[in-house]
Amino acid sequence: MTLSVAMITVDAHDPTTLATWWATNLGGRIVEENDGFFVIVALGDGQPAIGFQKVDDPTPGKNRIHLDLSSPEYPAIVDTLVANGATNLGDREIPGGGFAWTTLADPAGNEFCVSGGH
């Protein structure tokens, strides 16, 4: 049996607004809107899509799953994301390991991380 990740889905009060924010910041495009109920962002060949599903009451508390993103422009890309509406929740580093990343939250409060690569 073979499995592959086709889509990562995020619950949202306003799927269209959140999908637009992610599409803009990841260089993707909205490919389906489904009357604002389920909005799909395509990121490109070989990458899973990100879906944004309308829910009245998203799960409260800390995310149990989050996106880990990387960029050769880290940490400068963090400043761009913050300028575009993300919230910087803090810089992190593995003690003694030299691997660093920044935890952020998108405009709806969903946490994600950005690093220079793995």
Side-chain angles (χ1 to χ4, degrees):
M1 179 170 82
T2 301
L3 289 174
S4 60
V5 176
M7 184 175 343
I8 299 162
T9 302
V10 177
D11 291 345
H13 284 292
D14 184 353
T16 302
T17 298
L18 196 55
T20 300
W21 189 86
W22 279 102
T24 298
N25 285 286
L26 290 176
R29 70 186 199 296
I30 294 175
V31 294
E32 286 189 43
E33 294 194 44
N34 301 298
D35 296 324
F37 176 76
F38 196 88
V39 182
I40 299 173
V41 174
L43 300 177
D45 292 340
Q47 296 187 60
I50 302 178
F52 297 87
Q53 177 175 289
K54 183 170 183 61
V55 296
D56 294 329
D57 189 21
T59 304
K62 184 174 178 351
N63 297 24
R64 294 189 65 182
I65 297 174
H66 66 265
L67 299 177
D68 283 329
L69 309 173
S70 65
S71 171
E73 288 89 30
Y74 176 80
I77 194 70
V78 170
D79 295 332
T80 300
L81 290 163
V82 170
N84 289 342
T87 301
N88 186 330
L89 301 177
D91 296 320
R92 316 276 193 255
E93 185 173 348
I94 295 175
F99 183 78
W101 70 96
T102 301
T103 303
L104 300 113
D106 70 16
N110 300 300
E111 292 182 16
F112 64 100
C113 296
V114 177
S115 72
H118 293 218

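Considering every non-hydrogen atom in both Met7 and Pro48, the closest pair reads N-CB, 4.2 Å. Residues Ser115 and Ala100 approach most closely at CB-O, 3.5 Å, considering heavy atoms. Across all non-hydrogen atoms, the minimal contact from His66 to Glu111 is CB-O, 3.2 Å. Shortest non-hydrogen contact noted between Gly85 and Pro107 is O-CG, 3.8 Å. In plain terms, the two heavy atoms of Ala86 and Leu104 that are nearest each other are CB-CD2, 4.1 Å. Taking both residues in full, the closest heavy atoms of Pro15 and Gly36 are given as CG-O, 3.3 Å, listed atom of the first, atom of the second, then distance.
Using a 4.5 Å cut-off between side-chain heavy atoms of Ile, Leu, Val, Met, Phe, Trp and Tyr, with links allowed through other members, Val82 and Tyr74 fall into the same hydrophobic cluster. Under the 4.5 Å side-chain contact rule for hydrophobic residues, Leu89 and Trp21 do not share a cluster. Cluster membership for Leu43 and Val114, using ILVMFWY side-chain heavy atoms within less than 4.5 angstrom, is shared. Under a hydrophobic clustering in which Ile, Leu, Val, Met, Phe, Trp and Tyr are joined whenever their side-chain heavy atoms come within less than 4.5 Å, directly or via other members, Ile8 and Val41 fall into the same cluster. Val39 and Val55 end up in different hydrophobic clusters when Ile, Leu, Val, Met, Phe, Trp and Tyr side chains are linked at under 4.5 Å.
Counting heavy atoms from C-beta outward, Leu81 and Thr102 have side chains that stay 4.5 Å or more apart.
With rounding to the nearest 0.5 angstrom, the CD1 atom of Ile77 is 9.5 Å from the CG atom of Leu69. The CG atom of Asn110 sits 12.0 Å away from the CD1 atom of Ile65 when rounded to the nearest 0.5 Å.
Contacts of Glu73 classified as salt bridge (charged side-chain N to carboxylate O under 4.0 Å, His left out), with partners at least two apart in sequence or in another chain: none.
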Would you sort out whether Phe52 and Thr17 count as a side-chain contact (heavy atoms from CB on, under 4.5 Å), showing the intermediate values? CA-CA 10 Å; Phe52 297 87; Thr17 298; over 6 Å; no

Please lay out, stage by stage, how Leu67 and Val10 fare under the test side-chain contact (heavy atoms from CB on, under 4.5 Å). CA-CA 10 Å; Leu67 299 177; Val10 177; 6.0 Å; no

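Few gaps surround CZ on Arg92; more than 12 heavy atoms of other groups in view lie less than 6.0 Å from it.
In this structure, the ring of Phe112 has its center less than 6.0 angstrom from the ring center of Trp22.
Among residue pairs with one or both ends in residues 43-58, none qualify as side chain to side chain donor-acceptor pair (under 3.5 Å); sequence neighbours excluded. Identified under the salt bridge (Lys or Arg N to Asp or Glu O under 4.0 Å) test for residues 30-42, with sequence neighbours left out: none.
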